[in-house]
Amino acid sequence: VSFINDKHIIRTIQRIVQPLGRTIDTANPMVDARLRDGSRLNAIIPPLALRGPVLTIRKFNKKLEDIDDLLRRGTLTVNMARFLEASVLAKLNIVISGGTGSGKTTLLMAIMKFLYPTITMRVQETAFELHLRKIYPRNNILSLRETDTITGQMGLDVQKKTDGGVNILGEVATDPVAAWMIQMAQVASKFTLFTHHAKTFPNLITALRNSLLKIGMFNNEDVAEVQVVNVINFDVHLKRGVDGTRYIERITECIPKEKEFKYHEGYKTAKNMEGKWEAFMDNATEYFRHMTQTSNYDYHNIVEFKDGEYVFVHQLSEANVQAMRENMSDEDIKAFDKFLDTAWG
């Protein structure tokens with residue numbers, strides 16, 4: 001599309017956004033809006049932009065790319081698909097991370113096919129992007145977004161009362177949405193699926209922790225971090241290669257550290273001051289070890305992409321294996337046991 005000059009572009013933008021009740025001028029040099037067909041429009045003009053105007057319109061494909069498509073393209077292998085299926089069936093909290101265009105939303109929508117048909121889906125978005133009702137018309141799905149009068153938090157409070165089985169967040173990109181995610185995972189549903197732009201697993205934990213601190217949900221870094229690591233089981237990190245191919249760079253398991261502190265009772269039974277003093281020093285050492293603990297979690301990669309193929313490098317923790325078994329049907333448990341035997345050899 002060609003334009004006569006910058007003023008022509010601005011007039012074009014103005015005609016597009018006016019039906020939405022929006023305007024763009026030097027006093028309001030930016031518009032981020034949704035068109036009636038669901039497309040996302042971003043427009044920026046000077047003085048906000050050094051040069052401009054800039055207009056982008058992003059249309060979203062509502063046709064589902066299913067697991068077979070991802071297998072055919074090489075984004076997934078059979079064992080990778082089995083692992084994701086087991087994680088979803090087991091109702092574990094999964095974050096799909098990666099950069100823009102890496103395929104996060106595509107994978108999120110595809111793995112929902114693994115959900116048991118009886119699971120009710122509850123979707124909370126800042127703007128409708130997933131369109132799950134069109135992809136899974138027979139499922140029990142309720143999608144909400146915030147409006148000028150209804151905040152996202154108000155929508156989430158309503159969703160908590162609708163008997164949700166799984167809560168889905170299209171993207172955790174702002175501090176308030178991070179708080180929604182924590183609430184969803186803790187009280188609103190059996191488990192939560194969401195996407196995030198974090199590059200590494202520690203970056204993911206830090207970003208979510210800082211979001212909770214910024215909005216005042218917590219005022220202690222340690223407490224906020226504990227809330228985050230206790231609601232994340234797996235991070236599936238996607239990457240887009242220089243040739244445009246999309247693949248899973250790693251799958252990371254989060255293992256919260258136990259912070260329970262138990263006093264040694266030796267000081268009660270010691271028969272002399274020397275014994276009592278030794279017991280006291282043991283308690284003091286244990287106390288300071290806990291107080292100076294720099295992290296509330298361990299993590300390791302279960303799967304890594306190496307030399308063009310997926311390698312299962314670290315076995316699942318026993319805690320997650322047990323949690324997965326408890327939430328599966330007998331038939332799925334058998335398939336899961338077979339997967340455990342084959343994936344790591």
Side-chain angles (χ1 to χ4, degrees), residues 37-40 57-117 119 121 123 125 127-141 143 165-166 168-172 191-197 233-252 301-312 328 331-332 335-336 338-339 342-343:
D37 66 351
S39 301
R40 183 169 187 171
I57 298 178
R58 231 178 126 200
K59 298 182 74 69
F60 296 92
N61 182 14
K62 300 179 181 63
K63 177 186 177 298
L64 173 66
E65 291 191 36
D66 60 20
I67 296 299
D68 290 336
D69 293 326
L70 298 179
L71 287 168
R72 186 165 50 253
R73 290 210 318 259
T75 303
L76 293 179
T77 61
V78 173
N79 268 345
M80 290 286 280
R82 286 174 178 167
F83 173 77
L84 293 173
E85 180 179 15
S87 302
V88 171
L89 290 175
K91 303 180 180 65
L92 297 185
N93 297 321
I94 302 171
V95 51
I96 301 176
S97 62
T100 301
S102 59
K104 300 186 298 298
T105 302
T106 298
L107 182 61
L108 175 64
M109 292 189 293
I111 65 175
M112 290 178 197
K113 189 176 182 180
F114 294 139
L115 290 168
Y116 289 120
I119 291 289
M121 301 183 195
V123 186
E125 299 181 87
F128 293 134
E129 289 186 1
L130 295 177
H131 301 285
L132 295 179
R133 294 282 298 179
K134 294 185 178 181
I135 298 170
Y136 300 104
R138 297 186 178 182
N139 289 66
N140 184 330
I141 302 173
S143 298
V166 55
I168 299 157
L169 274 173
E171 183 179 18
V172 176
F191 66 114
T192 301
L193 305 173
F194 67 98
T195 69
H196 198 281
H197 283 284
N233 296 107
F234 299 115
D235 172 20
V236 181
H237 187 76
L238 288 157
K239 192 168 183 179
R240 186 172 185 173
V242 293
D243 59 352
T245 58
R246 297 181 176 97
Y247 60 94
I248 295 174
E249 185 179 46
R250 59 175 170 79
I251 297 180
T252 305
N301 292 341
I302 299 169
V303 181
E304 294 178 357
F305 190 75
K306 295 181 178 179
D307 300 324
E309 63 180 10
Y310 293 115
V311 180
F312 284 76
M328 292 181 182
E331 183 177 349
D332 290 327
F336 179 56
K338 185 176 181 180
F339 161 77
T342 58

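Note: T252 OG1 to N301 CG = 4.0 Å, rounded to the nearest 0.5 Å. One distance of note links CD of E85 with CG of L76; it measures 11.5 Å at 0.5 Å rounding. In this structure, OG1 in T77 is found 7.5 Å from CG in L71, a value given to the nearest 0.5 Å. Note that OG of S143 is 8.0 Å distant from CD1 of I168, once rounded to the nearest 0.5 Å. Distance CG/L115 to CG/L193: 7.0 Å, rounded to 0.5 Å. One distance of note links CD1 of I135 with CE of M109; it measures 4.5 Å at 0.5 Å rounding.
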Using side chain to side chain contact (heavy atoms under 4.5 Å, CB included), reason through F114 and I67 one step at a time and then give a plain yes or no.
CA-CA 10 Å; F114 294 139; I67 296 299; 3.6 Å; yes

Side chain to side chain contact (heavy atoms under 4.5 Å, CB included) evaluation trace for V166 with V88:
CA-CA 10 Å; V166 55; V88 171; over 6 Å; no

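Residues satisfying the side chain to side chain contact (heavy atoms under 4.5 Å, CB included) criterion with K91, sequence neighbours excluded, are Y116, I119, K190, F191, N327. For R72, the salt bridge (charged side-chain N to carboxylate O under 4.0 Å, His left out) test picks out D69, with sequence neighbours left out. Here E171 pairs with A173, T195, H197 under the side chain to side chain contact (heavy atoms under 4.5 Å, CB included) rule; sequence neighbours left out.
At a threshold of 4.5 Å between non-hydrogen side-chain atoms, the residues R250 and D235 count as touching. Between L84 and V236 there is a side-chain heavy-atom pair separated by less than 4.5 Å. Taking the side chain as every heavy atom from C-beta outward, I302 and F234 approach each other to under 4.5 Å. Considering only heavy atoms from C-beta on, L132 stays 4.5 Å or farther from N139 through its side chain. A 4.5 Å side-chain heavy-atom check between V172 and V95 finds every atom pair outside the cut-off.
The aromatic rings of F339 and F83 sit tilted, their planes meeting at an angle between 30° and 60°.
In this structure, N233 contributes its side chain and N93 its backbone to a donor-acceptor pair below 3.5 Å.
Scanning all heavy atoms of the two residues, the minimum distance from T75 to Y310 falls at O-OH, 2.6 Å. Across all their heavy atoms, Y136 and I141 have their closest contact at O-CD1, 3.6 Å. Considering all non-hydrogen atoms of both residues, N79 and A343 come closest at ND2-CA, 3.9 Å. Shown here for I96 and K104, the closest heavy-atom pair between the two residues is O-CD, 3.6 Å. The shortest heavy-atom contact between M112 and L108 is CG-O, 3.3 Å. Across every non-hydrogen atom of S97 and H237, the tightest pair is OG-ND1, 2.8 Å.
Side-chain contact, T245 with D243: a donor N or O sits under 3.5 Å from an acceptor N or O.
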